[in-house]
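Here is the structure we will look at.
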Amino acid sequence: MTDPRAGVADLVEALTRPEKLSLVSGASDPAGTATGYLPGVDRLDVPAVRLVDGPVGVRVPGKPATAFPASIALAASFDPTLARRQGRALAREALARDQDVLLAPALNLIRVPHGGRNFEYYAEDPVLTGALAAAAVEGIQSDGVVATPKHYVANAQETDRATVSAAVDERALRECYLPGFRAAVSAGAGAVMTAYNRVNGTYASEHPWLLGDVLKGEWGFSGFVVSDWYGTESTVAAATAGLDLEMPGVPVAELAPGDADTEDEQPNPAPDTEETVEGQTETEPARVGYADPARGIPDPARHDYFGEALGDAVADGSVPPSRLDDMVARILGQLDRFGLLDGRERDGALDTPAHRELSATIATRGTVLLENDGTLPIPADADVALVGPNVGEATLGGGGSSETTPAEPVPTAVGVERRAEGAVTVEPGLAPIPDLSMLDLLLSGPPARPSADGTSIDAAARAAADADVAVVVVRDRATEGLDRPDLRLPGRQDDLVAAVADAADRTVVAVQSGGPVELPWRDDVAAVLATWYPGQSDGRALARVLFGDADPSGRLPVTFAPEAAYPATGEPRTFPGVDGRVHHDEGVFVGYRGFDRFDVAPTYPFGHGGSYAAIEYCDAEPAADGRLRVRLANAADRDGRAVVQAYARPPETAVERPVRELAGFDAVGVPAGETVTADVDLDPLAVRRYDADAGWTVDPGTYVLEVGRSSRDCRLTVDWEPDAAHQ
Ligand code: BGC
């Protein structure tokens, strides 16, 4: 039970039971603007509450908003300041659309490269994820909007997302999957959204250990827990475990009339009893309230658990009345905290020049220079052949609930043409690769791969041969609701790059993807940029990087490697799961920790990324404030940016630990010819290990900090005896 402020406690006291029930059970927004809605209680001046998606833009149907780059692009900036600024901008746009709660940030750890929502998440590392999530929460809430970190927890795949059970041990949960949420909660998040999936057999939305013991207990979370849309699966179990608000959204089943009688097809995974977290035993099969489980179409009639049904449960004593009061107090407590109860004036602003500029800045800061033989930056007066199936548009993002419609997107070709001083010949080479839409997915099932139309590849190669530099822009496609079938670029894009590289002396490839992709031609081209989904500033940001107006200063927040090399993708039991369970056999060895553990060489390691400047690492020493001071010198005659990374290597221990763990990082500008100092905060997570019996443990001994440019490019080492604050 929280300890509500007096005014809130009085309000709870004054509400009737039906009023309380209406406050914990979502409804459709009569104005049709919000993603979710809570009717208010006029009699007591409790206002209606509007909840809106999402992490990269305010998604109000038919209303434009700034479309920021994918969250993975923001993560590639390794810059919490940008996350804070973006959070604030999102909040101001939400307020301008009269919304109160933003369903963001999305911060699930990237476990497998196939994850259909990886573009919406940050990273494969918990320290980076936590730093960005905390900053995003602070930014969103600094302007009076409630942030909703999501999806709590272990929601690492889209395949069977509504039913799959993540079989994951407590150490991996504590060291990898929970820290991002903990950081968001410590930053003051007012709400937390539960995941669709089960964790060790129990739905996240009714998980007493995750919601009660960890979130509200250990972490002292005093806000409210909201289910994902149609992600409540019970009344008593959910309410008593700690879910505070059931949230249905648009009744998707109405879009597919007739599907409601396909219930018999629902998967019913056999119960089993494997124990993965102490006290959490998988005994229960998935309950599936879906009109069409194969396509994930919810059945609204079976998702009304906190309305009348909760009233009955309170009446018959299976849910204590005090629990209903707590649910209401938690929601009203946040309305009070953010000024909604006293009608405080809250000011918003939409699609301002500052927001547009911020979106372009995030796109350039998140662009990763994977390879460069010196071809980049391109002289402004060079003749450029611009190739790529989608250069006529802006790559806004992936499909699903994060889709945002901007007022004035800048297509790739438009941005490049505006900036170039030489000739720009646009020759797409292939028919456009269509975006994936979650609605199409729901209504029609998984899409076919794009056609193999390659009739104009020759034309693109000819244009490339005639130009000084060929720039090929390729893309993958991703959407919520669907994992990627493989890591290849769709259609004949690999053939297109190969043909252009063959014809042109200098070929630059910009890869617009939601996560890692395979780059079979990378040794045959002059430069490769990972731009992720750049959002509305696509052409503007790419032009800045191509012509050297900005340093592409992103670093990889995920390892790039061939599909089979990833630690969790070796067999179906680890991804996408068998019999309804996905086994996290790799434990804490997620992402680069797995590549290090199994000694597999990635194509590009976590943290990798170049710069147009020449930044040297001079020296590093621990400072009195517990931070690490790193001196950097830029020997180039152009300004650049560095992302200093410090990885902790543990001493010899009896229990196997990751070879190295990111302890901290700092993104800094280093002007031409100057020396600057980076201050790296060191996260205690990098020295702690979780022991199921003893809890958090610090193995004694000297830790070595590897300071450098990536997880595999160490420039300096420093011995580190963590002080009390870091244990
Ligand atoms: C997504 C959430 C989103 C919600 C509302 C769900 O399908 O998983 O991230 O906030 O829909 O659109």
Side-chain angles (χ1 to χ4, degrees), residues 26-29 32-38 49-61 65 70-71 90 94 97 99-108 115-122 133 136 140 145-164 180-181 184 189 191-197 203-205 224-233 245-253 255 289-293 295-300 303 397-405 436-442 478-483 514:
S28 287
D29 178 7
T33 66
T35 312
Y37 179 82
L38 283 184
V49 179
R50 292 188 169 79
L51 303 88
V52 73
D53 281 316
V56 295
V58 174
R59 188 172 67 95
V60 170
S71 300
L90 288 168
R97 293 272 179 238
Q99 306 291 320
D100 311 299
V101 178
L102 190 72
L103 304 172
L107 61 111
N108 291 93
R117 293 183 89 171
N118 286 354
F119 68 91
E120 266 189 85
Y121 300 148
Y122 292 132
I140 293 166
V145 169
V146 181
T148 316
K150 63 188 187 182
H151 314 85
Y152 184 69
V153 63
N155 181 184
Q157 66 184 59
E158 295 302 285
T159 307
D160 302 329
R161 69 173 180 168
T163 55
V164 74
F181 288 96
V192 167
M193 184 192 292
T194 53
Y196 283 122
N197 50 283
Y203 279 105
S205 56
F224 61 91
V225 180
V226 54
S227 73
D228 200 342
W229 267 232
Y230 299 102
T232 308
E233 304 292 342
L245 173 60
E246 174 182 20
M247 209 20 103
V250 184
V252 183
L255 300 168
Y290 278 78
D292 182 345
R295 284 194 266 144
I297 296 181
D299 177 358
H303 282 85
S401 59
S402 67
E403 278 173 44
T404 312
T405 311
L436 288 183
S437 130
M438 193 164 74
L439 193 58
D440 291 348
L441 183 69
L442 289 173
T479 180
E480 177 181 341
L482 185 71
D483 288 321

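One-based numbering, in listed order, for ligands and for the atoms of each. For reference, positions follow the sequence shown, starting with 1. All heavy atoms count here, side chains included; hydrogens, waters and symmetry mates do not.
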Nearest 0.5 Å please: distance from the [atom1] atom of [X] over to the [atom2] atom of [Y].
| X | Y | atom1 | atom2 | result |
| --- | --- | --- | --- | --- |
| D53 | L102 | CG | CG | 8.0 Å |
| E158 | D160 | CD | CG | 10.5 Å |
| T405 | R59 | OG1 | CZ | 9.5 Å |

| request: Have a look at N155, T148, D53 and point out the one with the heavy atom closest to atom 5 (C) of ligand 1. | output: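 Heavy atom nearest to atom 5 (C) of ligand 1 belongs to D53.
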| Close side-chain approach of F119 and S402, heavy atoms under 4.5 Å |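 A side-chain contact exists here, since the closest heavy-atom pair is under 4.5 Å.
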| request: Using a 4.5 Å cut-off on heavy atoms from C-beta on, say whether the side chain of T148 contacts that of V101. | output: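 Side-chain contact under 4.5 Å: yes.
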| query | Looking only at heavy atoms of R117, does any of them come nearer than 4.0 Å to an atom of ligand 1? | reply |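 Under 4.0 Å: yes for R117.
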| message | Is H151 close enough to touch ligand 1? Criterion: a residue heavy atom under 4.0 Å from a ligand atom. | response |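 H151 counts as a contact of ligand 1 under the 4.0 Å cut-off.
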Closer than 4.0 Å to some heavy atom of [X] - which atoms of ligand 1 meet that?
| X | answer |
| --- | --- |
| R161 | 7 (O), 8 (O) |
| K150 | 2 (C), 3 (C), 9 (O), 10 (O) |
| M193 | 10 (O) |
| S401 | 1 (C), 2 (C), 3 (C), 9 (O), 12 (O) |
| L103 | 10 (O) |
| T35 | 5 (C), 12 (O) |
| Y196 | 6 (C), 7 (O), 8 (O) |
| R59 | 12 (O) |

| message | Give me the nearest non-hydrogen protein atom to atom 2 (C) of ligand 1 as residue plus atom name, then the distance to 0.1 Å. | response |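 Going by distance alone, atom 2 (C) of ligand 1 is nearest to D228 OD1, 3.3 Å.
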| field | Residue from L103, T35, D100 passing side chain to side chain contact (heavy atoms under 4.5 Å, CB included) with L51 | value |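 Single side chain to side chain contact (heavy atoms under 4.5 Å, CB included) partner of L51 among L103, T35, D100: L103.
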| Option from K150, Q157, H151, R117 for which side chain to side chain contact (heavy atoms under 4.5 Å, CB included) with N108 holds |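 Running side chain to side chain contact (heavy atoms under 4.5 Å, CB included) over K150, Q157, H151, R117 with N108 returns exactly one hit, H151.
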| Can you list the steps and then say if T232 with S227 is a side chain to side chain donor-acceptor pair (under 3.5 Å)? | CA-CA 6 Å; T232 308; S227 73; 3.0 Å; yes
